[in-house]
Amino acid sequence: MNYLHTLLFGLYPYLAGAVFLIGSLMRFDHGQYTWKTGSSQMLSAKRMRWASPLFHVGILVIFFGHLAGLLTPHWVYAPFISAGNKQIIAILVGGIAGVMCLVGGAALAYRRFTDPRVKASSSCGDNLIIVMLVAQVILGLLTIPAAMHHLDGGVMLKLAEWAQAIVFFQGNAASHLEGLGLIYHIHILLGLTIVLVFPFTRLVHVWSAPLGYLGRRYQIVRRRA
């Protein structure tokens, strides 16, 4: 059992991370024509105007919240905020963002599976990744009731210690997750699996976020005489 735990939470993260980086690089190098969002808005704009913004804003808040919360060492924020207060903030912000992402993602998934034109243009990978993302958000929301029973921040610190041990190549990372509830383990495993399949889905478009548009010079467009 300890071997399986170490395999899943000590070794599997590195496998997922390696596939994530190498797979993304190889796809960019060998399959640039597939490097796209695969937008279906032209096929059907139903629910897109509100579902897509809800989903994307929610998932961005969740992603950067996890990134900062898990990878920031405790000593950095300890002088300013306690672990318990940080956990309460994470529950509130993550809960709101999670509901936004769930409502938007569920609407997009329903549209993808029920709209004939969108369904016909969707690949198995498209269907799989939207289901995985919605399931992951549901699991994340289900961790909130469990977190409410330990508002001292102890579990959050263990999760952060595990993430930092993985990222900074510290030994025996899986031991930080021992004793945590099953919901946390399932949430982490599905998250790692999403990282694993990332290069083979439309999610690769996040590498190409058009940040250049924010600082580019304006363009003058004139009508043809």
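All values reported here derive from a predicted model rather than from experimental measurement.
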Return the minimal non-hydrogen interatomic distance between [X] and [Y], and the atom names on each side.
{"X": "L141", "Y": "V99", "answer": "CD2-N, 4.1 Å"}
{"X": "G104", "Y": "L54", "answer": "CA-CB, 4.1 Å"}
{"X": "G10", "Y": "A174", "answer": "N-CB, 4.0 Å"}
{"X": "Y184", "Y": "T143", "answer": "OH-O, 3.7 Å"}
{"X": "Q164", "Y": "L70", "answer": "NE2-O, 2.9 Å"}
{"X": "L196", "Y": "A16", "answer": "CD1-CA, 3.8 Å"}

Review point. Using 30° and 60° as the class limits, which term best fits the ring planes of W207 and F20: parallel, tilted or perpendicular?
Key: tilted
Under 4.5 Å between side-chain heavy atoms, hopping through other hydrophobics if needed: is there a path connecting [X] to [Y]?
{"X": "V103", "Y": "I62", "answer": "no"}
{"X": "L157", "Y": "F80", "answer": "no"}
{"X": "I183", "Y": "L4", "answer": "yes"}
{"X": "L67", "Y": "V76", "answer": "no"}
{"X": "W75", "Y": "L71", "answer": "no"}

Any non-hydrogen side-chain atom of [X] less than 4.5 Å from a side-chain atom of [Y]?
{"X": "I81", "Y": "I89", "result": "yes"}
{"X": "V206", "Y": "F198", "result": "yes"}
{"X": "P199", "Y": "M26", "result": "no"}
{"X": "F9", "Y": "L189", "result": "yes"}
{"X": "L159", "Y": "I188", "result": "yes"}

Point to revise | R112, R117, R202 screened by side chain to side chain donor-acceptor pair (under 3.5 Å) with S122, the one that passes | key: R112
As an exercise, state the distance from [atom1] of [X] to [atom2] of [Y], rounded to the nearest 0.5 Å.
{"X": "L151", "Y": "I91", "atom1": "CG", "atom2": "CD1", "answer": "5.5 Å"}
{"X": "K119", "Y": "F113", "atom1": "NZ", "atom2": "CZ", "answer": "8.5 Å"}
{"X": "L133", "Y": "I129", "atom1": "CG", "atom2": "CD1", "answer": "4.5 Å"}
{"X": "R27", "Y": "L25", "atom1": "CZ", "atom2": "CG", "answer": "13.0 Å"}

Practice item. Go through L177 and H185 one step at a time and tell me if the side-chain contact (heavy atoms from CB on, under 4.5 Å) criterion holds. Key: CA-CA 8 Å; L177 298 181; H185 289 83; 4.0 Å; yes
Point to revise | CD1 (I22) with more than 12 external heavy atoms under 6.0 Å | key: no
Check your understanding: If you count the non-hydrogen atoms of other residues, nucleotides and ligands that lie under 6.0 Å from OH in Y14, is the total more than 12?
Key -> yes
Review point. When you look at V134 and V137, which way does the side-chain contact (heavy atoms from CB on, under 4.5 Å) test go after all the steps?
Key: CA-CA 5 Å; V134 171; V137 173; 5.8 Å; no
Review point. Taking atom types as modelled and ignoring hydrogens, do the side chains of E178 and H5 form a donor-acceptor contact shorter than 3.5 angstrom?
Key: no
Review point. Backbone N or O of N172 within a donor-acceptor pair of the S175 side chain at under 3.5 Å?
Key: yes
Point to revise | Test item: Q136 side-chain N/O and H187 main-chain N/O as donor-acceptor pair under 3.5 Å | key: yes
Review point. Do H74 and Y77 have ring centroids that are under 6.0 Å from one another?
Key: yes
Check your understanding: Is the centre of the F168 ring less than 6.0 Å from the centre of the W162 ring?
Key -> no
Revision key, fill the gap. When L203, I194, T201 are each screened for side chain to side chain contact (heavy atoms under 4.5 Å, CB included) with M132, the one that passes is I194
